[in-house]
Asks: 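Sharing a structure, written as structure tokens. Questions coming.
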Amino acid sequence: MIAGNSEVARLLRELADLSKLDDGAAQSFRVRAYEKAVDAVLNLPGPVADMTAAELQTVAGIGKSTAGKIREYVDTGSMARLEALREQYPRELVELTRIPGIGPKTVLLLRDVLAVNSVEELRVAIDAERVRELPGMGKLREQKIAAAIERLGLHGKDKRTPIIQVLPMAVHLVETLGALHEVRHIEYCGSLRRFRETIGDIDILVAASDPAPVMDAFVDQASVREVLGRGDTKSSVLTDAGLQVDLRVVTPSQYGAALLYFTGSKEHNIALRQRAINRGLLLNEYALSDAESGAVVASRTEKAVYEALDLRYIVPEMREGTGEIAAAEEGSLPRPVDAGDIRGDLHVHSTWSGDGRSSLEDMIAAVAARGLEYVAITEHGEDLAINGLSRAKVAAEAFALEDLRLQYPELTILHGSELNIGRDGELDYDDEYLLGFDWCVASVHSHFDLAMADQTARLVRVMENPAVNVIGHLIGRRIGKRPGIEIDVDVVLEAAAVTGTAIEINSHLDRLDAPPEILRRARDIPDVRFVISTDAHHTSELGNVEWGVRLARRGWVDKRRIVNTWNRERFLKWARVGRR
DNA sequence: GCCGTTTTCGGCCCGACTGTTTTCAGTCG
């Protein structure tokens, strides 16, 4: 078995975690070096197992020691240093660090003085009121730790929640607090603003004239189960849903610097601050300022801070510390897409599909009201047992669309279909019949468990069908529920480029598919085109296009490669509508 | 442990909150 990049990264991650205990510091330079190495390995263009120690050392963030450890693991299947640390710090002991409020120092203290080596033993020690007697501890801390253990299942440090559950809560919070008259600006930040698919906690940033009333309103909300912390400018609560929410209040003039800081990622912030230092500046959550005089250089907007650091603005979705700063410096950032750039929706259902929930008439009216230039109605193909359309229904819907075209002369309405990709890449209907549609999306709705080679083959075969314009929700995942099919990404993207088949960027928060890692891989294959679609089954879902737009940004997709940002004429020509 | 347009040694992002300390350590983001 050859060691894959993600496997090596996982081991380095474990090395970092164990080193936190060994060094007695979560932020020791050695720990941070390992953490950097994790990112470096994950961002390698090729297999880590193919690289020599010397080649590994040329990678930024990997030095002699880490290169040696990686080679050792690839060659022998184990890493002596890691084995020794595992021996010294058993898994039960490491578990203790998952308790919020307990870091490496406390773990070592518990072990050395009280012989506590597991969560269970800690519980016993707390019951015996022995933890409070430790130096630096006390009754209150003991009680806090006890409470933290009780809710460990709800929100341990590493618990993450699918974005579809978190985003609506965050939006609600922003609306509620935003209504206070003290609030000048408000935004959710953190991994949610970066649009990660799972979220640890909600971070809200407020610019306000007076922080106190905002803090009061925040901790007094009905959904707050427990106040975890409460300061003048920063508070944390735990909601009924078991989600932690952090609120930070700054003055309006500090808002840009604070947004930057609170949005992260940690790696992005560290890189920006390092860049500031190199320019004789200091960057914190309040401002970018002169290191000597303290004079503020920029603080009001994020853009101003980037500019003062000689960088183009970097959208939040790209701030993961994976090369975006270098790209911003050399001007090679992809051109980011905005919701306003989208001119058509090319994956829309109506009640003609069994699972559609808005009528065709309502859907078209809602699309027209959004000011789109073109739309493809794509009901399910007949192979999707309950939800699909027979040929008779396809013909009947075509008739209904003719009527709607007369009602909405400004809107180009394409008669499409969402086809089902069969076990071996076969499709609903026959090839001749398929060419009668204006637009075909082909999607995987079954056989999720096939081997990677089989999944890749069925996708490639479908892309070779001239009727197919785009592959819908590429891997078929449901975030937090279903992992999606395994595919050979490079082979699939190459086939997409060769056959001219676009890759869908599905806007549904439950899907966010193709995933950003796959989208980003397409950077090196310039002929791949993309379509941002809502896959709406109800008129209320047409607005989801905003999520697809943000997914595209996260995947470093350049706006110019997204075909539904093109004007009607250019798009129709590319799609060969009416010429098949 | 990593790294170098002042450096192969001596740096490495920055600050709020809590609980315990009467000046700070630990944790977190």
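Below, chain A is the first sequence line, B the second, and so on; all start at residue 1.
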Asks: Apply the syn/anti split at 90° from 0 to dT22(B) and say which one it is.
Replies: anti

Asks: Name every donor-acceptor pair, under 3.5 Å, that has one atom in a side chain of residues 124-134 of chain A and the other anywhere in the protein, sequence neighbours excluded.
Replies:
| residue | atom | partner | partner atom | Å |
| --- | --- | --- | --- | --- |
| Arg132(A) | NE | Glu142(A) | OE1 | 2.8 |
| Arg132(A) | NH2 | Glu142(A) | OE1 | 2.8 |

Asks: For DNA chain B, determine which residues of residues 269-305 of chain A have any heavy atom closer than 4.0 angstrom to one of its atoms, and list them numerically.
Replies: Ile270(A), Arg273(A), Gln274(A), Ile277(A), Leu282(A), Leu283(A), Asn284(A), Glu285(A), Tyr286(A)

Asks: dT21(B) and dG26(B): how far apart are their P atoms, nearest whole angstrom?
Replies: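 Roughly 13 Å separates the two P atoms.
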
Asks: Residues from residues 19-32 of chain A sitting under 4.0 Å of DNA chain B, heavy atoms only?
Replies: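 Output list: Gln27(A), Phe29(A), Arg30(A), Arg32(A).
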
Asks: Would a distance-only check, ignoring hydrogens and angles, find a side-chain to backbone donor-acceptor pair under 3.5 Å from Asn269(A) to Lys266(A)?
Replies: no

Asks: Show every donor-acceptor pair shorter than 3.5 Å between a side-chain atom in residues 199-209 of chain A and any protein atom, with sequence neighbours excluded, or say none if there are none.
Replies:
none

Asks: Students should find this one: the first and last nucleotides of DNA chain B, 5' to 3', lying under 4.0 Å from a heavy atom of chain A. What are they?
Replies: dG1(B) to dG29(B)

Asks: Keeping the roles fixed (side chain from Glu72(A), backbone from Ala80(A)), state whether a donor-acceptor pair exists under 3.5 Å.
Replies: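 Checking the backbone N and O of Ala80(A) against the side chain of Glu72(A), a donor-acceptor pair under 3.5 Å is found.
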
Asks: Among Ile163(A), Ile164(A), Ile505(A), Asn506(A), which residue meets the side-chain contact (heavy atoms from CB on, under 4.5 Å) test with Leu512(A)?
Replies: Ile163(A)

Asks: Any residue in residues 111-146 of chain A with a heavy atom nearer than 4.0 angstrom to DNA chain B? Just list them by number, or reply none.
Replies: Gly136(A), Met137(A), Gly138(A), Lys139(A), Leu140(A), Arg141(A), Lys144(A)

Asks: In Watson-Crick or G-U wobble terms, both distances under 3.5 Å, what is the partner of dT8(B)?
Replies: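 Matched dT8(B) with nothing under the 3.5 Å cut-off.
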
Asks: Evaluate the criterion salt bridge (charged side-chain N to carboxylate O under 4.0 Å, His left out) for residue pair Asp246(A) and Lys234(A); output intermediate values, then yes/no.
Replies: CA-CA 7 Å; Asp246(A) 299 337; Lys234(A) 183 180 167 184; over 6 Å; no

